[in-house]
Amino acid sequence: MEFRNWLIRNLSISGGVIALLIIAVLLAGNDLSRRADKIQNSRQELSVRLKSFNSLVALRANASEAAKITSVLQLALPAKDQLIGFSKVLEGYAKNNKLGFGFSFESEAKATEKIPATNSFTLTSSGPYSQFIRFLRALEGGAYSVGFDSFDLNRRAGEDFDILIKGKVFSQ
């Protein structure tokens, strides 16, 4: 009986110690897992911050380049008072291509810090389609920056068309 009591006591103590060790290992593993997640999150956050910092550095470098180019681009656009000759240039292109010609300025939008000034216009013309294409190519290669809002082509007789263009010319 003594042996049995001794065996039960030793097994109970050993079982208790093993249970405590298992609990300690589980708690330590849980703590290590939490710390590993925290470290992983910190690494990801640092990676995002590093990418943001690199982007900021690149943007600042590009901003100084853009400032240099902006002044060159501003010089590429004609001054507002130079738009007076715009209709004469278009009329010359039309005459060179044997097209009828009509022109009027419609409205004006002032320049902002980031957007150039625009003057809306309406252009009417008539003649063969192939000559009209040549007219557009001459306009595209000209000194004025032009944007088109709409084209309206109506066939008259044979190869002749009536042409209505609404657009805008850009200036400083």
Side-chain angles (χ1 to χ4, degrees), residues 1-86 89-90 104-123 132-153 163-172:
M1 200 58 152
E2 250 180 68
F3 177 72
R4 190 173 180 196
N5 287 339
W6 177 82
L7 184 63
I8 291 174
R9 190 174 359 136
N10 282 339
L11 287 176
S12 296
I13 291 171
S14 298
V17 168
I18 290 174
L20 285 174
L21 286 174
I22 289 174
I23 291 172
V25 167
L26 288 175
L27 289 175
N30 190 17
D31 186 50
L32 287 175
S33 177
R34 194 171 8 97
R35 287 183 184 188
D37 288 344
K38 200 173 189 181
I39 290 170
Q40 183 66 24
N41 289 339
S42 295
R43 281 186 174 181
Q44 287 176 347
E45 186 178 327
L46 284 173
S47 175
V48 167
R49 286 183 181 184
L50 181 62
K51 286 179 184 178
S52 298
F53 180 73
N54 289 337
S55 295
L56 180 62
V57 168
L59 285 172
R60 286 194 177 171
N62 291 339
S64 64
E65 288 292 321
K68 294 174 190 172
I69 294 172
T70 301
S71 61
V72 173
L73 289 175
Q74 286 293 337
L75 296 175
L77 292 175
K80 183 179 171 183
D81 58 347
Q82 291 175 328
L83 293 181
I84 293 171
F86 178 64
V89 169
L90 293 180
S104 66
F105 278 115
E106 301 292 321
S107 64
E108 176 183 345
K110 293 185 178 188
T112 66
E113 188 174 309
K114 296 183 181 196
I115 300 173
T118 58
N119 287 68
S120 297
F121 65 87
T122 300
L123 181 142
F132 175 66
I133 295 300
R134 287 185 190 155
F135 169 80
L136 287 178
R137 285 190 180 133
L139 180 58
E140 182 181 50
Y144 294 95
S145 296
V146 178
F148 298 109
D149 296 327
S150 66
F151 286 90
D152 187 17
L153 298 171
I163 301 150
L164 173 68
I165 299 174
K166 291 190 180 272
K168 56 187 141 212
V169 60
F170 298 94
S171 65
Q172 294 182 21

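What you see below is based on every heavy atom in this structure, not just the backbone, and it leaves out hydrogens, waters and symmetry mates.
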Between Gln44 and Val48, does a side chain to side chain contact (heavy atoms under 4.5 Å, CB included) hold up when you go through it step by step? CA-CA 6 Å; Gln44 287 176 347; Val48 167; 5.6 Å; no
Nearest heavy-atom pair of [X] and [Y]: which atoms, and what distance?
X	Y	value
Tyr144	Gly85	OH-C, 3.8 Å
Lys168	Phe121	N-CE2, 3.4 Å
Ser171	Pro116	O-CB, 3.5 Å

Nearest-0.5 Å distance that lies between atom [atom1] in [X] and atom [atom2] in [Y]:
X	Y	atom1	atom2	result
Leu139	Ile165	CG	CD1	7.5 Å
Thr118	Lys80	OG1	NZ	11.0 Å
Ser52	Leu56	OG	CG	8.5 Å
Asn41	Leu46	CG	CG	11.0 Å
Leu26	Ser33	CG	OG	12.0 Å
Asp37	Leu32	CG	CG	11.0 Å

Evaluate the side-chain proximity of [Y] to [X]: yes if any heavy-atom separation is below 4.5 Å, no if none is.
X	Y	answer
Ser47	Arg43	no
Leu90	Phe135	yes
Ser12	Ile8	yes
Phe86	Asn119	no

Please list, chain by chain and in numerical order, all residues satisfying salt bridge (Lys or Arg N to Asp or Glu O under 4.0 Å) with Asp152, sequence neighbours excluded. none
Sorted by chain and residue number, the salt bridge (Lys or Arg N to Asp or Glu O under 4.0 Å) partners of Arg35 (sequence neighbours excluded) come out as Asp31
Would you call the rings of Phe148 and Phe151 parallel, tilted or perpendicular if under 30° counts as parallel and over 60° as perpendicular? tilted
Crowding at CD1, Ile115 (>12 non-hydrogen neighbours, <6.0 Å): no
